[in-house]
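What follows is a short report on a single structure.
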Amino acid sequence: TRKMSLLLKPISYQKRFLSWFLMITLLVVLIIHQLPARWVIRIVADQTFCQVHLKDISGTIWQGSASLGIAQLAPGSTACSRSKTITERLNWDLKCSLSDWSCFLRVEHFAFEKPLMISWADGRWKLSNNILKISAHLLENLGSPWNTIKPVGQLTASWSDLELGQGGLGSLRIVMHEMSSPISPVVPLGSYEIMMNMAMLDQWDLKTLMGPLVLAGQGKIHDRQLSFVGQAFALNQNTESLASLLSLIGVQQGDIYRLQF
């Protein structure tokens, strides 16, 4: 009898340990499954340099909806400022797999041509090809010179399948269609293109597609700040009409205005 009790004791302890382990595991799974969507607010702000915030958020991190707040990071500041622009609501659906340590995110918003698909696997982020159309006034949140120009027009961003990070793949093209400004009598000012290669994610090129205001140059992203060096000038018949606008965005050197932001 004593031998039997000694044999049963370890089995009893094993059962008790297994029961506790299963209960704790189940509790952790339930907690993770019900994580409120507000948990991702800080993550989104950090990853977008405090320029995008989730507003009026509802649901869980796995399935929810929110409005996007767009804010401008003050020069020399690391603190997030209050959002000035609020967009229409977006919806998301997130699925993750422990078997291969991967995650797939589906985002729906009226500005996308089709749902945006984002995946994470093997330590890399991937975005499926898509087209995004938004109002150009959102550019004001990037700071100077956009908050001075207050652009009016449509902005279309299109990209191939993208892989982000070191040695990324794919390209991003942004076209600003028939831009105008309330501080200029010339309408439209022109159409412009920004090109970015994911292999060189820290820099982008700007060129003029058409219009009386010619812009060209190269921008960089460094320490969460956008910078741009380039030039601007007006075609001959519009030099006088665009003089005031050019003087606001650049420093005159002959017929050309040097741009540096």
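Positions are given from 1 along the sequence.
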Under the side-chain contact (heavy atoms from CB on, under 4.5 Å) rule, collect the residues that match up with [X], sequence neighbours excluded.
X      : result
Ser171 : Ser160
Val251 : none
Ser244 : none

Is any side-chain heavy atom of Phe233 less than 4.5 Å from a side-chain heavy atom of Thr239?
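They are not in contact (no side-chain heavy atoms under 4.5 Å apart), so the answer is no.
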Salt bridge check: are Asp93 and Lys95 linked by an N-O gap of less than 4.0 Å?
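Yes.
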Quiz: residues 253-261 side-chain donor-acceptor pairs under 3.5 angstrom, not counting sequence neighbours:
unit_1	atom_1	unit_2	atom_2	d
Gln253	OE1	Arg258	NE	2.9
Tyr257	OH	Gln252	OE1	3.4
Arg258	NH1	Gln231	OE1	3.2

Minimum heavy-atom separation for Ile149 and Ile183, please, with both atom names.
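Here Ile149 and Ile183 meet closest at CA-CD1, 4.2 Å.
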If you compare all heavy atoms of Ser65 against all heavy atoms of Arg89, which two are closest, and at what distance to 0.1 Å?
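The answer is OG-NH2, 2.8 Å.
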Arg173 side chain to Ser158 side chain, donor-acceptor N/O pair below 3.5 angstrom:
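Arg173 vs Ser158: no donor-acceptor pair found between side chains.
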Distance-only donor-acceptor check, side chains Ser97 and Ser102, under 3.5 Å:
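No - no donor-acceptor pair under 3.5 Å links their side chains.
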Of Leu209, Val214, Thr208, Val175, the residue whose pairing with Tyr192 passes side-chain contact (heavy atoms from CB on, under 4.5 Å):
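For Tyr192, the side-chain contact (heavy atoms from CB on, under 4.5 Å) test succeeds with only one of Leu209, Val214, Thr208, Val175, which is Thr208.
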[X] side, atom [atom1]; [Y] side, atom [atom2] - distance, nearest 0.5 Å:
X      : Y      : atom1 : atom2 : answer
Leu245 : Leu213 : CG    : CG    : 6.0 Å
Glu193 : Lys207 : CD    : NZ    : 4.5 Å
Leu132 : Leu155 : CG    : CG    : 7.5 Å

Side chain to side chain donor-acceptor pair (under 3.5 Å) contacts in which one or both residues fall within residues 106-118, not counting sequence neighbours
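Listed by first then second residue: Arg106-Glu108, Lys114-Asn129.
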With disulfide (SG to SG under 2.5 Å) as the rule and sequence neighbours excluded, what pairs involving residues 98-127 come up?
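Sorted pair list: Cys96-Cys103.
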